[in-house]
Every structure is written in C-alpha cells, then in structure tokens.
J.: 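Take a look at this one; I'll ask things after.
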Amino acid sequence: MPALRRHPDVVEDTYYSDTPTLDHAAIGERIDAYVAARGWQVERVLREESGVLPVAMGGDFEGYWGSSGLGIAKAGMRAGLFHPTTGYSLPDAVRTAALIVRATDLSGPALHTLTHGFARTTWQDRGFYRMLDKMLFRAADPEERYRVLERFYRLDPQLVRRFYAGRSTIMDKARILTGKPPVPVGRALRAIGLLPTSRVEQTS
C-alpha cells in the first residue's frame, strides 16, 4: 500500500508489505509517474536509496538480545531498539548515545548492563505499537490496509509526531483506537488475542 510523499528535494515511496522483497523497477516507475502527474521537472537525481525496515508484532526480547552474544553491549537493530511500527532506529540511536555519554563506567560489563536495561525498558514500553501492528497485518485485508494509514494521517500532526518518536501519550493511544474502526472489530480483537476463534462471528 504505497504512500508517496514529497519533500523539497526528495520523493519517497513507502509502503507496508508481508515480505521483504522490493521490486525496484516497479517502485521507480511509480515514482516517475507520481512526479510526472504533478508536472514537476527533475533537474538531476543526486541520490537514490532503498531499504526494508522491520515491523514487530511480538517477539522474545531476551532471546533476541542473546542471539547476538551474551554479556555484550548492543545498540540499534541488534539491541531491538527500533520503532515497532515505522522500523526507524535513528531516534533510539541518539538516545543510546546520550545515555552512554552520561555514564561514568564504560567497562564492557557496565555498558552491557546499561544498554540491555535501556533496550529492555524501551521494548516493554512499546507494546502498544506491536498491538497496532497485529491489527494492521492480521485484521485488515492487504488491499484495505491503506485505509488505516489514511485515517491515521488525518489525526492531529502533534499526535503523529509523538507516534513517530515512540512517545505516544495515553490520550494519543485512545484517539488512535477510537472512532470509526478501519478494520472489523471482531477481527481486530482476534488479532490481538482477545477473541480466540472466528466462531464468535459465525454465531453472532
């Protein structure tokens, strides 16, 4: 479900997918068509980049942390420090750097304890976003997922900023979940484990 955005010098095609596969040719054609449809003139292309970011719906934090070595300080993706919904890791990288700068003990064991504690707390605090991801990928039909994003980006810009920063307030979370549901309620509840099977719909 593409969501094309334009910045002063950047045109970006971002979308959610069930697989990490990128069709570079198709994406390039879609961007070219988007630019042409708006009558923009491209003087030159300075840089192109592509990538696939993770979307987390759950996971074993301690198992993931230990999979890349025990007793070793970690940061970034390897530490599980990324936004579960956007996949962005830069804000957490800045927070990790600031945390280390303030540390008085930079020994290996101390840095492991410091970064592990920060990553674990951050992971626990972001359960709301992983719940949203379950609703997006397990409750919404693939061709209808864009409606979830359309509704989200109509919300207060400050709410959206806090969401991207991973700092959503209680009121933000309530606002995101209330209103006309972009996915069927029954399927959403099953996606997050509050309804066990589809038999509820069959008998209702």
J.: Output all residues satisfying ring pair (Phe, Tyr, Trp, His ring centres under 6.0 Å) with F128, sequence neighbours left out; order by chain, then residue number.
T.: none

J.: Who passes side chain to side chain contact (heavy atoms under 4.5 Å, CB included) against T121, sequence neighbours left out?
T.: D125

J.: Holding to salt bridge (charged side-chain N to carboxylate O under 4.0 Å, His left out), I want the full list of residues that pass it with E48, two or more places apart in sequence or in another chain.
T.: none

J.: Within the distance-only criterion (no hydrogens, no angle test), does the side chain of D172 pair as donor or acceptor with the backbone N or O of T169 below 3.5 angstrom?
T.: yes

J.: Return the orientation label for the Y34 and W40 ring planes: parallel under 30°, perpendicular over 60°, tilted otherwise.
T.: perpendicular

J.: Mind checking side chain to side chain contact (heavy atoms under 4.5 Å, CB included) for H112 and listing every partner two or more places apart, or none if nothing turns up?
T.: W65, H116

J.: Which hydrophobic side chains are connected to L106, either touching it within the sub-4.5 Å cutoff or through other members that do?
T.: L81, L99, I100, L111, L114, F118

J.: Listing request: all salt bridge (Lys or Arg N to Asp or Glu O under 4.0 Å) pairs with a residue in residues 59-87, at least two apart in sequence or in separate chains.
T.: none

J.: Suppose clustering is done on Ile, Leu, Val, Met, Phe, Trp and Tyr with side-chain heavy atoms closer than 4.5 Å. Which residues sit in the same group as L90?
T.: V94

J.: Tell me, please, which residues at least two apart from R47 pass salt bridge (charged side-chain N to carboxylate O under 4.0 Å, His left out).
T.: E49

J.: Which Ile, Leu, Val, Met, Phe, Trp or Tyr residues join I72 in one cluster when any pair of side-chain heavy atoms under 4.5 Å counts as a link?
T.: none

J.: Sequence neighbours excluded, which residues qualify as salt bridge (charged side-chain N to carboxylate O under 4.0 Å, His left out) partners of D18?
T.: R145

J.: State which residues pass salt bridge (charged side-chain N to carboxylate O under 4.0 Å, His left out) with R126; sequence neighbours excluded, sorted by chain then number.
T.: D92

J.: Taking only residues two or more places apart in sequence, or in another chain, which ones meet Y64 in a ring pair (Phe, Tyr, Trp, His ring centres under 6.0 Å)?
T.: none

